[in-house]
Amino acid sequence: MGEIVFNGISSRDLGVEVQHRRSFVGPERDYTVVEVKGRHGSIIQDNGNFKSYDREYEIAIYKYGQSLVDTVDNVIGWLRSAYGYARLEDSYDPDHYVMAVYKEETEIENIVGMAGSGRITFTCAPQRWLKSGEEYIRITAEDLEDAFYGLPTITNPTINDAYPIIVGVKENVDENDDSGFITVSNAYDTYTIYVGYELFTEYELDDYVIDCQNHDTYGEKIQNGSSIAINMNSVSYGTYPVLAPGINRIMFSGFDYIEIQPRWWIV
């Protein structure tokens with residue numbers, strides 16, 4: 001028996017055991033096929049992305065002391081609890097997770113009134129995210145000063161470009177400080193993004209957050225126990241870094257340290 005966790009809730013908490021995952025289907029690459037009269041063979045135009053796909057689970061349902069009707073109602077409520085994509089992981093692939101949405105096609109077979117069985121289907125975005133890519137890697141100013149044998153590096157273990165979250169922390173901003181920058185270089189390219197300090201002091205921010213996937217920069221501060229985000233795109237410029245497959249060298253200035261969440265993914 002297996003387990004799935006969807007939108008932060010385990011199937012086992014609701015009396016659902018996964019009998020098996022029906023298949024390990026990967027996403028289909030999105031391309032356009034063009035036929036040209038008088039030309040042998042098709043012209044393939046790669047659209048540069050992968051398509052979403054369906055993932056199915058065969059499940060058994062039983063909750064001690066609860067009717068099947070109530071149990072199924074709770075399960076359906078759980079599956080419908082997310083608005084749009086939510087995180088989905090299962091015990092068959094413990095090192096990865098996907099972003100998925102429940103597909104409204106569940107039919108539960110009644111077995112002796114208290115238990116049931118059926119199939120649930122999720123539509124999944126094509127990326128399988130590595131859980132190891134959620135861990136933040138800290139690089140300090142001292143690491144740069146001690147880099148006798150070269151700059152600090154981060155190695156991308158996949159064959160895909162990764163678009164990280166980078167957090168820059170500056171504990172004290174001097175009035176003479178202008179801006180900081182972060183540079184990532186690899187065998188393919190060099191990326192540098194600059195962030196100004198004007199709003200940092202104005203809003204008494206704790207750190208900068210650079211979202212390289214969504215090309216967004218914002219500052220964060222804790223106020224009354226809650227995190228508040230201030231848009232910083234107006235004082236940021238340059239190229240958002242990419243972590244290419246293989247070795248990536250890291251350089252920065254104007255921060256005490258940075259933390260990088262690499263966000264590795266495969267298909």
Side-chain angles (χ1 to χ4, degrees), residues 4 6 20-58 79 82-90 92-106 119-134 153-166 182-193 210-217 233 236-250 260-267:
I4 61 176
F6 177 63
H20 68 274
R21 199 169 114 182
R22 288 181 56 83
S23 62
F24 289 84
V25 177
E28 176 186 353
R29 181 175 282 279
D30 186 15
Y31 60 86
T32 302
V33 178
V34 179
E35 303 291 346
V36 179
K37 186 176 181 180
R39 175 190 171 96
H40 297 295
S42 304
I43 297 175
I44 306 299
Q45 297 178 345
D46 191 332
N47 296 322
N49 61 281
F50 294 90
K51 297 181 180 180
S52 296
Y53 65 99
D54 286 350
R55 179 183 291 187
E56 297 181 343
Y57 296 93
E58 297 283 355
L79 295 172
Y83 295 92
Y85 282 108
R87 179 169 174 149
L88 171 67
E89 49 192 300
D90 64 38
Y92 301 94
D93 187 12
D95 296 327
H96 305 88
Y97 69 92
V98 297
M99 300 303 293
V101 61
Y102 165 60
K103 195 169 184 178
E104 304 271 348
E105 293 182 353
T106 299
R119 179 188 306 171
I120 56 176
T121 304
F122 295 93
T123 297
C124 303
Q127 302 97 324
R128 288 168 58 214
W129 299 96
L130 279 66
K131 292 182 180 178
S132 61
E134 297 181 286
T153 62
I154 294 178
T155 300
N156 181 345
T158 77
I159 62 172
N160 303 304
D161 288 343
Y163 301 89
I165 299 289
I166 304 175
I182 298 169
T183 295
V184 174
S185 59
N186 50 56
Y188 309 97
D189 213 335
T190 297
Y191 311 86
T192 299
I193 187 163
I210 302 169
D211 183 344
C212 299
Q213 174 72 53
N214 296 311
H215 289 192
D216 195 19
T217 305
N233 290 330
S236 304
Y237 60 97
T239 306
Y240 284 87
V242 174
L243 297 174
I247 296 174
N248 296 265
R249 292 173 174 80
I250 313 299
I260 299 177
Q261 184 188 55
R263 305 180 76 242
W264 313 129
W265 64 279
I266 59 176
V267 294

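Remember, predicted model here, so these are calculated numbers, not experimental data.
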Subject >> I193/T217 under side-chain contact (heavy atoms from CB on, under 4.5 Å): CA gap, chis, key distance, verdict >> reply: CA-CA 10 Å; I193 187 163; T217 305; 4.2 Å; yes
Original post:
Between W129 and M99, is a side-chain contact (heavy atoms from CB on, under 4.5 Å) present by the stated rule, with each step listed?
Top reply: CA-CA 9 Å; W129 299 96; M99 300 303 293; 4.1 Å; yes
**OP:** Walk me through it: do I250 and I260 pass the test side-chain contact (heavy atoms from CB on, under 4.5 Å)?
**Re:** CA-CA 10 Å; I250 313 299; I260 299 177; 4.2 Å; yes
**OP:** Mind running side-chain contact (heavy atoms from CB on, under 4.5 Å) on Y53 and T123 for me, showing each step along the way?
**Re:** CA-CA 6 Å; Y53 65 99; T123 297; over 6 Å; no
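Annotation for E35 and G41: closest pair OE1-O, 4.1 Å, computed over non-hydrogen atoms.
A distance of 7.5 Å separates CD1 of I120 from OH of Y57, quoted to the nearest 0.5 Å. Rounding to the nearest 0.5 angstrom, the gap separating the CZ atom in F6 from the CG atom in L88 is 6.5 Å. Summarising the geometry, atom CD1 belonging to I166 is positioned 10.5 Å from atom OH belonging to Y240; distances are rounded to the nearest 0.5 Å. Taking CG of D30 as the reference point, atom CG of N47 lies at 4.5 Å (rounded to 0.5 Å). Here the NE2 atom belonging to H96 is positioned 7.5 Å from the OG atom belonging to S132, to the nearest 0.5 angstrom. If you take CG on N248 and CG on L243, they are separated by 5.0 Å, rounding to the nearest 0.5 Å.
Within a 6.0 Å sphere centred on CZ of R263, other residues, nucleotides and ligands contribute more than 12 heavy atoms. Summarising the local packing, OH of Y92 is surrounded by more than 12 heavy atoms from other residues, nucleotides or ligands at distances under 6.0 Å.
A 4.5 Å side-chain heavy-atom check between C124 and S52 finds every atom pair outside the cut-off. In this structure the side chain of P262 never reaches within 4.5 angstrom of the side chain of N156, judged on heavy atoms. Contact of the R55 side chain with the V98 side chain is registered, since non-hydrogen atoms from C-beta on lie closer than 4.5 Å.
Y188 and D161 share no side-chain donor-acceptor pair at under 3.5 Å. In this structure, a donor-acceptor pair under 3.5 Å is present between the side chains of T192 and T183.
Ring orientation note: the planes of F122 and Y102 are nearly perpendicular, at an angle over 60° on the 30°/60° scale.
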